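For the single chain, residues carry numbers from 1 onward in sequence order. Bear in mind that the values here come from a model prediction, so they are computed numbers and not experimental data.
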Amino acid sequence: MKRINHIIAAIALSAATYITAGAADNNAAEGKERGYLTINRQTAEAHIGFLASDELQGREAGYPSGRIAANYAEACLRATGLEPWDGKTYRQPFAAYRRERQKKGRYTVHPDSIARLEQEVHQKLPLTNIMGRITGKNPDEYVIIGAHFDHLGTDPLLDGDQIYNGADDNASGVAAVLQIARAFVESGVQPERTVIFALWDGEEKGLLGSEHFMLQWPEPSKIKGYLNFDMIGRNNDESNPEHVVYFYTEAHPAFEQWLRNDITERGLRLKPNYRPWDRPIGGGDNGSFAKRDVPVIWYHTDGHPDYHMPSDHTDRINWDKTVDITRAAYLNLWNLANMPAY
């Protein structure tokens with residue numbers, strides 16, 4: 001508990017300092033740079049180290065370990081100085097349902113499916129998304145940045161390490177969202193569009209958190225872009241440690257040009273595999289947005305032998321790449337939030 005309190009106190013002190021500075025400095029370029037400079041390895045190590053520690057017991061959705069991760073994410077968003085995502089709360093509680101376990105079946109959050117399941121013996125899993133926002137000058141247009149915080153929990157029958165720590169999957173993505181949230185606040189600049197910073201629950205059980213969010217969202221057309229992180233901390237090929245896959249909606253070629261320009265201008269140590277896609281659905285939370293025609297950017301560093309294994313540990317993270325992806329995504333999000341058109 002002392003460890004988490006120290007992390008949150010440091011974030012809160014830093015945010016308070018920069019909010020004051022930002023109020024006196026309306027220069028957007030200077031604010032953008034000020035935010036960029038806050039993204040660093042030390043903060044990435046603090047977030048990932050906590051979320052992927054053995055004490056978090058694998059952060060399984062609906063279980064006590066998952067609730068601890070949710071509490072941590074909420075505390076960090078509060079300390080950073082974000083507003084509640086809906087003006088009232090940082091949480092979006094919901095439940096996922098599935099048939100009694102012997103009958104098999106996947107969890108669902110769709111209201112029609114839930115209504116049918118309620119008529120028979122079923123399982124009910126309590127979950128919650130964690131979100132904060134910065135209200136834009138145009139409050140009716142939104143951009144969202146997200147990552148799932150849940151993982152696979154534990155397996156008491158495993159011989160040896162029984163904890164699925166999930167350092168890469170997806171403590172790395174959560175750390176990126178939290179760092180970028182802090183950077184936006186510390187810029188002191190109000191974006192043109194409202195920005196929602198989202199940490200999704202239940203991804204490992206079927207993209208449940210992001211799907212629930214979009215089922216409840218009244219007008220998908222008001223979401224002008226979604227940026228997703230899912231596994232941004234590892235090397236697929238140790239001989240190519242700067243490799244990153246950059247999926248994006250093909251109808252928006254500017255998304256690729258942004259990253260190309262930023263790599264050149266900022267000296268980011270990234271070698272992207274650019275993958276334009278008409279609807280970047282794949283296996284991540286970006287799918288909940290892409291299938292509703294929301295433009296998507298998705299960072300991913302490809303598979304590795306520790307994927308969905310207890311060996312996905314913090315000491316295997318490529319910190320330089322994780323930080324540079326976070327910096328690149330901060331610049332992406334700045335464009336999504338502020339450019340009139342793309």
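- For Glu204 (side chain) and His151 (main-chain N/O), no donor-acceptor pair under 3.5 Å exists by modelled atom type.
- Here the shortest heavy-atom pairing between Asn40 and Arg182 reads ND2-NH1, 4.3 Å.
- Rounded to the nearest 0.5 angstrom, Asn228 CG and Ser210 OG are separated by 8.0 Å.
- As a member of the Ile/Leu/Val/Met/Phe/Trp/Tyr network built from side-chain separations under 4.5 Å, Ile114 groups with Tyr97, Leu117.
- When side chains are defined from C-beta on, Leu333 counts as touching Val143, because their heavy atoms get closer than 4.5 Å.
- Listed by first then second residue, pairs satisfying side chain to side chain donor-acceptor pair (under 3.5 Å) with a partner in residues 331-342 read Tyr299-Asn332, not counting sequence neighbours.
- Sorted by first and then second residue, the salt bridge (charged side-chain N to carboxylate O under 4.0 Å, His left out) pairs with a member in residues 73-89 read Glu74-Arg78, Glu74-Arg91, Glu83-Arg133; sequence neighbours excluded.
- Here the shortest heavy-atom pairing between Lys321 and Leu270 reads CG-CD2, 4.0 Å.
- Note: Leu207 CG to Asn286 CG = 8.0 Å, rounded to the nearest 0.5 Å.
- In this structure, OG1 on Thr80 lies 13.0 Å from CZ on Phe184, to the nearest 0.5 angstrom.
- The hydrophobic cluster containing Trp319, built from Ile/Leu/Val/Met/Phe/Trp/Tyr side-chain heavy atoms closer than 4.5 Å, also comprises Ile48, Ile317.
- In this structure, Phe289 belongs to a hydrophobic cluster whose other members, linked by side-chain heavy atoms under 4.5 Å apart, are Trp85, Met131, Tyr142, Ile144, Ile196, Trp200, Phe213, Met214, Trp217, Ile223, Tyr226, Val245, Phe247, Trp277, Val294, Val296, Trp298.
- Cluster membership check: Leu82 shares its hydrophobic cluster with Val177, using side-chain heavy-atom separations under 4.5 Å among Ile, Leu, Val, Met, Phe, Trp and Tyr.
- In the hydrophobic clustering of this structure, Tyr248 does not group with Ile281; members are Ile, Leu, Val, Met, Phe, Trp, Tyr whose side-chain heavy atoms approach within less than 4.5 Å, directly or through other members.
- With rounding to the nearest 0.5 angstrom, the CG atom of Asp201 is 10.5 Å from the CD atom of Gln92.
- Although no hydrogens or angles enter the test, the distance criterion places no donor-acceptor pair under 3.5 Å between the side chain of Asn165 and the main chain of His313.
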Audit row: Arg327, Asp324, salt bridge (charged side-chain N to carboxylate O under 4.0 Å, His left out) steps and yes/no: CA-CA 5 Å; Arg327 289 170 174 159; Asp324 273 2; 3.3 Å; yes

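- Nearest heavy atoms, Ile232 versus Gly173: CG1-N, 4.2 Å.
- When all heavy atoms are compared, the tightest approach of Tyr90 to Gly132 is CD2-CA, 4.3 Å.
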Would Leu336 and Trp258 satisfy side chain to side chain contact (heavy atoms under 4.5 Å, CB included), going step by step from the backbone distance to the final call? CA-CA 10 Å; Leu336 288 173; Trp258 292 349; 3.9 Å; yes

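- Residues Glu256 and Pro253 fail the side-chain proximity criterion, which asks for heavy atoms closer than 4.5 Å.
- Taking the six-membered ring where the residue is Trp, Tyr330 and Tyr36 present tilted rings, their angle falling between 30° and 60°.
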Could you walk me through whether Ile68 and Leu56 pass side chain to side chain contact (heavy atoms under 4.5 Å, CB included), step by step? CA-CA 7 Å; Ile68 293 171; Leu56 266 286; 3.6 Å; yes

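- For the pair Asp293 and Pro220, the minimum side-chain heavy-atom distance is 4.5 Å or more.
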If you apply the rule side chain to side chain contact (heavy atoms under 4.5 Å, CB included), what do you find for His308 with Asp169, and how did you get there? CA-CA 8 Å; His308 279 192; Asp169 188 9; 3.2 Å; yes

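- Lys124 places no side-chain N or O within 3.5 Å of a backbone atom of Ala95 that could act as its donor or acceptor partner.
- The hydrophobic cluster containing Leu152 does not contain Leu51, counting ILVMFWY residues as joined when their side-chain heavy atoms lie under 4.5 angstrom apart, directly or transitively.
- Both Phe255 and Val195 sit in one connected hydrophobic cluster of ILVMFWY residues. Membership requires side-chain heavy atoms under 4.5 Å apart, directly or through other members.
- Side-chain N or O atoms of Arg193 include none that pairs as donor or acceptor with a backbone N or O of Lys224 at under 3.5 Å.
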Please determine whether salt bridge (charged side-chain N to carboxylate O under 4.0 Å, His left out) holds for the pair Glu33 and Arg266, giving the CA-CA distance in whole Å, both sets of side-chain angles, and the decisive distance to 0.1 Å. CA-CA 11 Å; Glu33 189 66 19; Arg266 300 277 181 166; 2.9 Å; yes

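- If you chain together hydrophobic residues whose side chains sit under 4.5 Å apart, Leu125 and Phe149 never meet in one group.
- A salt bridge (charged side-chain N to carboxylate O under 4.0 Å, His left out) with Arg234 holds for exactly one of Asp306, Asp302, Asp168; it is Asp306.
- The side-chain heavy atoms of Gln123 and Tyr107, taken from C-beta on, include a pair separated by under 4.5 Å.
- With hydrogens and angles ignored, the 3.5 Å screen pairs a side-chain donor or acceptor of Arg292 with a backbone N or O of Ser288.
- Put simply, the side chain of Arg279 gets close to the backbone of Lys291: a donor and an acceptor are under 3.5 Å apart.
- Listed for the Asp150 side chain is a donor-acceptor partner under 3.5 Å among the backbone atoms of Glu203.
- Checking side-chain atoms of Gln190 against main-chain N and O of Thr135 turns up a donor-acceptor pair under 3.5 Å.
- With rounding to the nearest 0.5 Å, the separation of NE2 in His122 from CD in Gln119 is 9.5 Å.
- Hydrophobic cluster membership for Met231: Tyr307 (Ile, Leu, Val, Met, Phe, Trp, Tyr linked by side-chain heavy atoms under 4.5 Å, directly or transitively).
- Around atom CZ of Arg106, no more than 12 heavy atoms belonging to other residues, nucleotides or ligands sit under 6.0 Å away.
- Looking only at side-chain heavy atoms (C-beta outward), Asp161 and Ser311 stay at 4.5 Å or farther from each other.
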Step-by-step side chain to side chain donor-acceptor pair (under 3.5 Å) determination, Asn273 to His243: CA-CA 7 Å; Asn273 179 346; His243 167 74; 5.3 Å; no

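- The backbone N or O of Asp54 sits less than 3.5 Å from a side-chain atom of Gln57, completing a donor-acceptor pair.
- Proximity of a side-chain donor or acceptor of Asn129 to a complementary backbone N or O of Gly209 within less than 3.5 Å is detected.
- Asn318 and Asn235 form a side-chain donor-acceptor contact under 3.5 Å, judged by distance and modelled atom types alone.
- By the 4.5 Å heavy-atom criterion applied to side chains, Thr154 and Ser65 are not counted as neighbours.
- Pro280 and Ala290 make their closest contact through O-CB, 3.5 Å (heavy atoms, listed as atom of the first residue, atom of the second, distance).
- Lys32 has its side chain within reach of Leu331: a pair of non-hydrogen atoms, C-beta onward, lies under 4.5 Å apart.
- The shortest heavy-atom contact between Gly166 and Arg59 is O-NH2, 3.1 Å.
- Side-chain atoms of Asp230 and His148, non-hydrogen and from C-beta on, do get closer than 4.5 Å to each other.
- Rounding to the nearest 0.5 angstrom, the gap separating the OG1 atom in Thr38 from the CD1 atom in Ile180 is 9.5 Å.
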